[in-house]
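None of the values given here were measured: they were computed from a predicted structure.
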Amino acid sequence: MNLSEYFSTRKYPGRIIISGFSKDGEKVTAYAIMGRSENSRNRVFCLKDGVLETKAYDESKVKDPSLIIYKAKAGIDGKTIITNGDQTDTILDSIKEGKTFEDALMKRTYEPDAPNYTPRISLIMNDDSYSLSIIRRKDDKPERLIWTYGAFNGVCHTIHTYDEGGDPLPSFSSDPIPLFLPDTFEEFRDTLWNSLDKDNKISLYVSWGEKEEVINGNEGGRIDQIQLKYGLNPNQKPASISIEGKLPVTVLNGRAGYINFLDALNAWQLVKELKETTNMPAAASFKHVSPAGAAIAVPLSEEEREMYFISPKTKLSPLATAYVRARGADRMSSFGDFIALSDECDVETAKIISREVSDGVIAPAFSEKAMEILKAKKNGAYTIVKIDENYLPPKEEIRTVYGIKLTEAHNDFRVTDDTFSEIPSISKDFPLSARLDMTVALIALKYTQSNSVIYAKRGQTIGVGAGQQSRIHCTRLAGEKADKWWLRHHPYVLSLPFRDGITRNDKDNIIEQFLSEDPEIDVISNWNDYFLTPITRLTKEEKMAWLKKNEGVSLASDAFFPFRDNIDRAAKSGVKYITEPGGSVRDDGVVKASDEHGITLFFTHSRLFHH
């Protein structure tokens, strides 16, 4: 058992001593205090010249200093002594007199704090061994126990004052608990502090070889923090992100805002999960906490290169390909995006990003040349965030709304073979390409504001319908975007004779107006502003004929379809594969509609709401 597994399941172990030897043979110790009453919580650790003392955090609130103010750790003749009370001095005096650890403890009894009668716990550590002791109340008399252990590298033992539950608090009743140690001082410190109950932990002292450190909850604990430009809006200042322990993110360039980190942290989870599930580099383009696009590194066709404005001569790495697809899913919505990359940002990807209007990027690493390219964006103010790819979030997620704290378990849904095991439709067809597309859609859904529906094809989202109150509106919105994506493949659109000097972003807007049934700008009559030669609009019949050529599209919904109209609308955009949780009283009608359209339907029984 490791530190986290043991201490994260204990609400109130009281005062804790840990002792052992690291894998490299260095001496390791820790002392932690917890508190529930105002008096016991009013404490901090003070470390000076190798001596650890407890002090009152607020002197004016001290009610009984006898049990909360003491020397907790000291050293003598190469020995380290740690206790939960003034028996530290008793042990020191005994050793100075040439007596033993055992002799010292015979002079002491348990603490007089009825009805708990808190045990006295103590440690004496030598170069190659250590002894742990407890003095507890048994049958109204002190019971004194001592355990001695030789060095066993990578293992420690812990003893603490209380077992779980009961009133009065029951004394620790077992032998010291053996636990595996982490590999480094930093892991030891952070794992232990983060594993202790957040409502009761007060202070922690840790040592590892020559390193030692104190964390005091009353002084903010071990809080790592980054100040942000502002909150959701410029008037919402100050703003920051923080964590107990060490933040897994570092701002390498620029100054991030609140929305930047909402986008970055959601987008990073998406691409990390896509990479882990598909074993392919992944990228996401986020705007306002939903993906405008997400993709894996499926190679681009010639037509896709044209519609994404990528020259045939441009070299694309797999990661760059993934971002070109993510950005190309909905280039209008991706304007000013925050980008997430599953792998180290390479030169090819940085060059693609450098050409686009973007607010920032998050990735596990950046090559030296990629950093040079990206730092030149926005006159040097482009936001570049590095994230620790090995970071795992707590199992509990917390947010505050209107001063009220809400908690929930982290969403641990993963796409596996079981996800596609229930097929209520007549069609069972599900090629590997469709499975990849559906995987992209489902994982993207998990990080999209609900209600949401996503269409996917060729390893990327092609239509995201996010944040709608009505399911059919999600399906329509996503379908309209998917239709626009497919119409951009039309030979006439690919051959539009743009004038020189028209930027990619302007081309995106012009194409959007050109394909719209109700355009805000008449690019046909004003062709000379945009094109070398006059153009004609595609007729509705021509568009419909082209849209009928779009086949094999996958669709995922974050909740069940309440009516068959969603299936009928999806079929108009070439959808042949659908996943949804199922569970509607009208599931039979949804299955019937899928069968009529020859669609393979999956019930996942997993809702994917995200807010």
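Using a cut-off of 4.0 Å between Lys/Arg side-chain N and Asp/Glu carboxylate O, K99 and D93 are scored as not salt-bridged. With respect to R189 and E213, a salt bridge is recorded, a charged nitrogen being found less than 4.0 Å from a carboxylate O. Salt bridge D163/R10: absent, no basic N to carboxylate O contact under 4.0 Å. Contact check on K96 versus D89 returns no salt bridge, with no Lys/Arg side-chain nitrogen under 4.0 Å from an Asp/Glu carboxylate oxygen. The pair K246-D190 does not meet the salt-bridge criterion, since no charged nitrogen lies less than 4.0 angstrom from a carboxylate oxygen. A salt bridge is absent between D412 and K395: the closest approach of a Lys/Arg side-chain nitrogen to an acidic carboxylate oxygen does not fall below 4.0 angstrom.
Annotation: side chain of V206 is not in contact with side chain of W193 (no heavy-atom distance under 4.5 Å). P394 has its side chain out of reach of H410: every pair of non-hydrogen atoms, C-beta onward, lies at least 4.5 Å apart. In this structure, H157 and P178 have side chains that are in contact, with non-hydrogen atoms separated by less than 4.5 Å. Put simply, the side chain of N84 reaches to within 4.5 Å of the side chain of T118, judged on heavy atoms. Looking only at side-chain heavy atoms (C-beta outward), F7 and I16 come within less than 4.5 Å of each other. Using a 4.5 Å heavy-atom threshold, the side chains of K287 and D263 count as separate. The shortest distance between side-chain heavy atoms of L228 and I241 falls below 4.5 Å. Between Y130 and I124, the closest side-chain pair of non-hydrogen atoms is not below 4.5 Å.
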- Run the side-chain hydrogen bond (donor to acceptor under 3.5 Å, both in side chains) check on N411 and H610 step by step: do they pass? CA-CA 9 Å; N411 186 353; H610 181 70; over 6 Å; no
- side chain to side chain contact (heavy atoms under 4.5 Å, CB included) between Y447 and E273, worked out: CA-CA 11 Å; Y447 302 101; E273 195 169 325; 2.7 Å; yes
- Message: Working note: T161 + F172, criterion side chain to side chain contact (heavy atoms under 4.5 Å, CB included); need CA distance, chi angles, decisive distance, verdict.
- Response: CA-CA 5 Å; T161 52; F172 183 78; 6.0 Å; no
- Decide side-chain hydrogen bond (donor to acceptor under 3.5 Å, both in side chains) for Q87 and T90; before the verdict, give the C-alpha distance in whole Å, the side-chain angles of both, and the deciding distance to 0.1 Å. CA-CA 5 Å; Q87 69 265 34; T90 306; over 6 Å; no
- Go through E53 and Y70 one step at a time and tell me if the side chain to side chain contact (heavy atoms under 4.5 Å, CB included) criterion holds. CA-CA 6 Å; E53 296 182 329; Y70 55 89; over 6 Å; no
- Query: Under the side-chain hydrogen bond (donor to acceptor under 3.5 Å, both in side chains) criterion, do N126 and K79 qualify, and how do the steps go?
  - Reply: CA-CA 5 Å; N126 303 300; K79 306 175 189 297; 3.1 Å; yes
- Message: Between D199 and R36, does the salt bridge (Lys or Arg N to Asp or Glu O under 4.0 Å) criterion hold? Intermediate values first, please.
- Response: CA-CA 9 Å; D199 295 324; R36 299 189 301 180; over 6 Å; no
- Query: Yes or no on side chain to side chain contact (heavy atoms under 4.5 Å, CB included) for N2 and T191, after CA distance, side-chain angles and deciding distance?
  - Reply: CA-CA 10 Å; N2 62 34; T191 299; over 6 Å; no
- Evaluate the criterion side-chain hydrogen bond (donor to acceptor under 3.5 Å, both in side chains) for residue pair S8 and S195; output intermediate values, then yes/no. CA-CA 5 Å; S8 63; S195 298; 5.5 Å; no
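Distance check, rounded to the nearest 0.5 Å: NZ of K229 to CD1 of I259 gives 9.5 Å. Atom OG1 of residue T80 and atom CG of residue L52 lie 11.5 Å apart, to the nearest 0.5 angstrom. The structure places NZ of K272 at 10.0 Å from OG1 of T277, a figure rounded to the nearest 0.5 Å. Between the CG atom in L341 and the NZ atom in K275 there is a gap of 11.0 Å [rounded to 0.5 Å]. Atom-to-atom distance recorded for L374:CG and I384:CD1 is 5.0 Å, nearest 0.5 angstrom. In this structure, OG in S203 is found 11.0 Å from CE in M34, a value given to the nearest 0.5 Å.
A side-chain contact (heavy atoms from CB on, under 4.5 Å) with Y391 is found for exactly one of I243, L247, V249, namely I243.
Heavy atoms of other residues, nucleotides or ligands lying less than 6.0 angstrom from CG of N279 number 12 at most. Within a 6.0 Å radius of OH in Y149, other residues, nucleotides and ligands contribute more than 12 heavy atoms. Within a 6.0 Å radius of NE2 in H288, no more than 12 heavy atoms belonging to other residues, nucleotides or ligands are found. More than 12 heavy-atom neighbours from other residues, nucleotides or ligands sit within 6.0 angstrom of CD on E396.
The aromatic rings of Y117 and Y110 stand perpendicular to each other, their planes meeting at an angle above 60°, with 30° marking the opposite boundary. Between Y6 and H160, the ring planes lie tilted relative to each other; the angle falls in the 30° to 60° range. Ring pair Y12/Y162 is parallel by interplanar angle, where below 30° counts as parallel and above 60° as perpendicular.
Side chain of N42 to backbone of E38: no donor-acceptor contact under 3.5 angstrom is found. A donor-acceptor pair is defined here as one N or O able to donate and one able to accept, closer than 3.5 Å; such a pair exists between the side chain of N218 and the backbone of R41.
The two atoms that bring S173 and R136 nearest to each other are CA-NH1, 3.5 Å, heavy atoms only. Smallest separation of non-hydrogen atoms from C345 and A370: O-CB, 3.3 Å.
Residues S452 and D558 have side chains that bring a donor and an acceptor to within less than 3.5 angstrom of each other. Checked by atom type, the side-chain pair T83/T88 shows a donor-acceptor distance below 3.5 Å. In summary, the side chains of S122 and S133 do not present any donor paired with an acceptor at a separation below 3.5 Å, with no hydrogens or angles considered.
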